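Written below as structure tokens is the structure these notes are about.
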Amino acid sequence: MLSADFVIATAIGYVGLLFVLAYFGDRRARTNQRSWLHSPAVYTLSISVYCTSWTFYGAVGNAARSGLEFLTIYMGPTLVFVGWWFLLRRLVRISHNQRITSLADLLSSRFGKSNRLAVLVTILAVIGIAPYIALQLKAVTSSIQAIAGSSEFGQGSLRGIDDVTLALGVAAGMALFTILFGTRHVDAKEQHHGVVAAIAFEAVVKLTALLAVGIFVVFIGGGLDGIFAKAAAAGITIDPENSFDDRWVTTMFLSVAAIVCLPRQFQVTVVENSDESHLRVAAWAFPAYMLLMSIFILPIAMYGLTTMPAGANPDMFALTLPLAAGQDSLALFAFIGGFSSATSMIILESIALSIMVSNHIVMPLALRLGAGQGSDGRGVKSLLLRARRFSILLILSLGFFYFFFTRDSDALAPIGLISFTAIAQFFPAVLAALFWREASQKGAIAAISVGSVVWFWCSFLPSFESFSPAVSATMRDGPWGISWLRPEAMFGMDGLDPLSHAAFWSLSLNVLTLVTVSLLTNQSALERIQASVFVDVFRRPTAAGNFVRGSATANDLYFVAERVLGETRAVTLFETAAQGSGVEPDRLDPSPDFIGKLERELAGSIGAASAHVMLSKVVSGRDVSLEEVMQMADETQQVIEYSQELERTSSELRTTALKLEEANAQLRQLDSQKDEFLSQVSHEVRTPMTSIRSFSEILLQPEALDEGQRQRFVATIHQESLRLTRLLDEILDLSALERGERSWTNAPTDAEAALDRALLVCDALLSQRGMTVERGRRAKPVMVNGDSDRLCQVFINLISNAVKYNDASNPIMQISSVVRSGRYLVDIADNGPGVAKAERKLIFEKFARGERGSEQSGAGLGLAISRQIIAGMNGSLELVPGQLAGACFRVKLAVIR
């Protein structure tokens, strides 16, 4: 038969075992950097500190009361760790670069190293975690009482001791253990390898204990089928459809926020991480661990509900079921498992919170008041250790007082969710810090303040309802009778579950405030720098620091480093820097990079804000005002912006060079086209000029010519002169058109009249050739924006081409015009040989006459000129398929409405 004395003695012995593990683990980690203590397995097991007595005891109770809701507490962390690449990896990288020591340090560092923000986060975390610590005290106390109450013999020395006294004793014992192991050193990165080793061991113990109880329950219950069949026969069923409600969504979201923002989780996941690659293992190992922890929760709950007497506490089923079956050894093992769960949570949570309190509340006050500046070189370190020890006592005291005032609550899970809701108030600011460059310090402070006030009103205050009649009245009627301010029915919303109600209002107002204030306020220079460092953590090297070279000497800086880091670390740091510079340590000239590195080392012990202020004083040789600190930060920001501007300029220069290269290629192409054009012009001019010169030479010998020959030669010279003149006119006209130098002004013009005029001009030519003109459908008078003479010139050119290149025995030309979709279309087609397929792309080029065109006298400029003229009227000239066998040219112009 177990007795309370024996159980307590076993617990004390177990704590002693943890003491030994932590002591030797710490020694081994300090002497061997590649120890197994730095392995991913130990890292993953330490993360399981997430599974507290709430998980060990409360999950069974939650399953017994609410069915599958207990799974949400596991699903949230699973989502975060499976998606570690997006969030946790970024958190760890930033924290390593910036020597972040806590969640408050992270937010403080991101938002301009603001100590006000760090203080706010620390205070809310300490208050918000108090219910969680009370939950652990309640679980341990209840488990001891469950054993003590199992028989008269079992009460032992606890006879007459109530739960409050017992909880006080448990809190005092845990405070002593935490002080002994959590505040032995002020390490640079605040890593506690010994404590982590002990917590990893505890993770194995509590998992093994819960699995043992689960296997035992399944065995005596006749297997899983037997357990659920008996439960169904007793009318106990799990209805999955009713489990997925607003409370389900709320608890899962809160668990997502908790695994990131709970101080102890940030401590083990981020601060205690020694290798970023360990996250890759934890991404699957930690969800697997939680799966094992949860696999027997439902069978234990169902079996307990069917076999234990009415009124039995479901939270204690993992302990009372073995006791009821007479399995004292298994019950003792289960007690140690639950005790391990509570112990690891309290130890690590207290350590994490004590670091936040000492770094962000005590240390800034000490700097301001000049405390801890003794000449023995250990002032700051001693002050930090005392502050952390006092903080641990304060934190456990708050947890005890919360337990004292709310001890009448029956269930464990609701107490834990109060803390989850409080810690979730940091989550929007954390996400904004990592991903939103424009998020400002004022926005973060306002958001957390608003969210915490709403949490206090809607979630924290109602937990005192059973203790305080005033709170009970406020819950019922609202403050001063204002019903719409009732804590669980804010603004008249009384249909939600109380947890969902508190989470909805606190987080909604939190996010709204963060976004609104950030958009309405400006960031300081230091905020902009830190925002860039955080958001671009994977694209930028580690920041060199925000200091410029000042009057500080190496001795001044060493004095500061020794006070905070201790002599050994300070000597190592300075000797390493001196070796890198190739000088003796006493001749080291502190560079801005070295001062930045020293700041990060100091931040690992006293926080980013305190480290920055402390070094600012030393570097400048005097007290530095906030404006001066901002000026230094602004100068650094200017350098960064100048560097970014250089990057942008370089990019623009590369783009310009590329464009110049393309332009050069176009110039070469144009030069080639110019040479070809000149060659063609020379060829066309040479023909009439040769003819004129030849006939002129003949005329210079009049004695050899009769009058008829002389007249014929003179006529030929005249014709060639006219041809030469027309050629030059066309070249000049085309050149002017290509340069955009039009010799006309567009104006409303009747295009049909221009077409009729062209037909009239060409009538003689058509008759001479014997060409039949088929007049198709004609449009009514159409007004286009152009020049009547130029348009007529285009039509004449197209008609004359249809005559000139048509060698059909019965030549036919077809003309039609129509207005379609706001466009005036004129088709001029013939039944000649048409344009060969290979020549269609070149037919509008200069001097392009085609194979059959070479037999004619034209220079090949008519179509090129016509196309330029139509383009000048914002229209087009195209070669299109026609109804006749030959070519068909289409003029297209916009109609003026």
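Quick caveat, the model's predicted, so the values are computed rather than measured. In this chain, residues are counted from 1 in sequence order.
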Side-chain donor-acceptor pairs of residues 655-662 under 3.5 Å, sequence neighbours excluded:
| residue | atom | partner | partner atom | Å |
| --- | --- | --- | --- | --- |
| Thr655 | OG1 | Ser651 | O | 3.0 |
| Thr656 | OG1 | Glu652 | O | 2.8 |

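Figure legend: Arg757 and Phe795 shown without cation-pi pairing, the cationic atom not lying both under 6.0 angstrom from the six-membered ring centre and within 45 degrees of its axis.
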Full working for side chain to side chain contact (heavy atoms under 4.5 Å, CB included) between Val773 and Asp763: CA-CA 10 Å; Val773 179; Asp763 185 64; over 6 Å; no
Residues Leu755, Tyr824; criterion side chain to side chain contact (heavy atoms under 4.5 Å, CB included); working and verdict: CA-CA 12 Å; Leu755 180 58; Tyr824 172 64; 4.1 Å; yes
Derivation and outcome, side chain to side chain contact (heavy atoms under 4.5 Å, CB included), residues Ile865 and Gln793: CA-CA 10 Å; Ile865 293 174; Gln793 176 188 347; 4.2 Å; yes
Gln709 vs Arg712, side chain to side chain donor-acceptor pair (under 3.5 Å): CA-CA, chis, key distance, verdict: CA-CA 5 Å; Gln709 288 175 322; Arg712 189 171 66 252; 5.9 Å; no
Full working for side chain to side chain contact (heavy atoms under 4.5 Å, CB included) between Val430 and Leu107: CA-CA 7 Å; Val430 170; Leu107 294 175; 4.0 Å; yes
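Between Ser817 and Ala779, the shortest heavy-atom contact is OG-N, 3.0 Å. Across all non-hydrogen atoms, the minimal contact from Ala802 to Met813 is CB-SD, 3.8 Å. Between Glu438 and Ser518 the shortest heavy-atom distance is O-CB, 3.9 Å. Taking each heavy atom of Ser440 and Val517 in turn, the nearest pair found is OG-O, 4.2 Å. Taking each heavy atom of Val784 and Ala751 in turn, the nearest pair found is CG2-CB, 3.9 Å. What you find for Arg90 and Leu434 is that their closest heavy atoms are NH1-O, 3.3 Å.
Between Arg867 and Phe889, the closest side-chain pair of non-hydrogen atoms is not below 4.5 Å. Phe253 places a side-chain heavy atom less than 4.5 Å from the side chain of Leu507. No side-chain heavy atom of Trp436 sits under 4.5 Å from any side-chain heavy atom of Leu431. Side-chain contact check for Ile717 versus Leu699: some heavy-atom pair is nearer than 4.5 Å. Side-chain atoms of Trp84 and Val92, non-hydrogen and from C-beta on, never get closer than 4.5 Å to each other. Using a 4.5 Å cut-off on side-chain heavy atoms (C-beta onward), Glu752 and Lys780 make no contact. Val511 places none of its side-chain heavy atoms less than 4.5 Å from the side chain of Phe427.
Taken to the nearest 0.5 Å, the CG atom of Asn806 stands 8.5 Å off from the CD1 atom of Ile812. Rounding to the nearest 0.5 Å places CG of Leu798 at 9.5 Å from SG of Cys762. Remark: Asp830 CG to Glu774 CD distance equals 11.5 Å, nearest 0.5 Å. Note that CG of Asn522 is 12.5 Å distant from CD of Gln441, once rounded to the nearest 0.5 Å. Between Ile448 atom CD1 and Ser506 atom OG the span is 12.5 Å, to the nearest 0.5 Å. A distance of 10.0 Å separates OG of Ser866 from CG of Leu791, quoted to the nearest 0.5 Å.
Between the Thr749 side chain and the Gly786 main chain, a donor and an acceptor come within less than 3.5 Å of each other. A donor-acceptor distance shorter than 3.5 angstrom exists from the side chain of Arg110 to the backbone of Ala433, with no hydrogens or angles considered. No donor-acceptor pair closer than 3.5 Å links the side chain of Ser532 to the backbone N or O of Arg528. Side-chain atoms of Ser109 never come within 3.5 Å of backbone atoms of Leu106 as a donor-acceptor pair (strictly under, hydrogens ignored). In this structure, Asn831 contributes its side chain and Asn810 its backbone to a donor-acceptor pair below 3.5 Å. In this structure, Asp750 contributes its side chain and Pro781 its backbone to no donor-acceptor pair below 3.5 Å. Under the 3.5 Å distance criterion, the side-chain polar atoms of Glu527 are left unmatched by any main-chain donor or acceptor of Ser114.
Under a cut-off of 6.0 angstrom, the local environment of CD in Gln768 is sparse, with at most 12 non-hydrogen atoms contributed by other residues, nucleotides or ligands. Remark: Arg775 CZ is loosely packed, at most 12 non-hydrogen atoms of other residues, nucleotides or ligands lying under 6.0 Å away. Heavy atoms from other residues, nucleotides or ligands lying under 6.0 Å from CE of Met689 number 12 at most. With a 6.0 Å radius and a threshold of 12 heavy atoms from other residues, nucleotides or ligands, Gln883 has its CD atom at or below the threshold.
Residues satisfying the ring pair (Phe, Tyr, Trp, His ring centres under 6.0 Å) test with Phe86, not counting sequence neighbours, are none.
Evaluation of the ring-ring contact (aromatic ring centres under 6.0 Å, His included) test over residues 696-732, restricted to residues two or more places apart or in two chains, returns Phe695-Phe713.
Each of Lys892, Arg820, Arg777, Arg890 was evaluated against Asp827; a single residue qualifies, Arg890, per the salt bridge (Lys or Arg N to Asp or Glu O under 4.0 Å) test.
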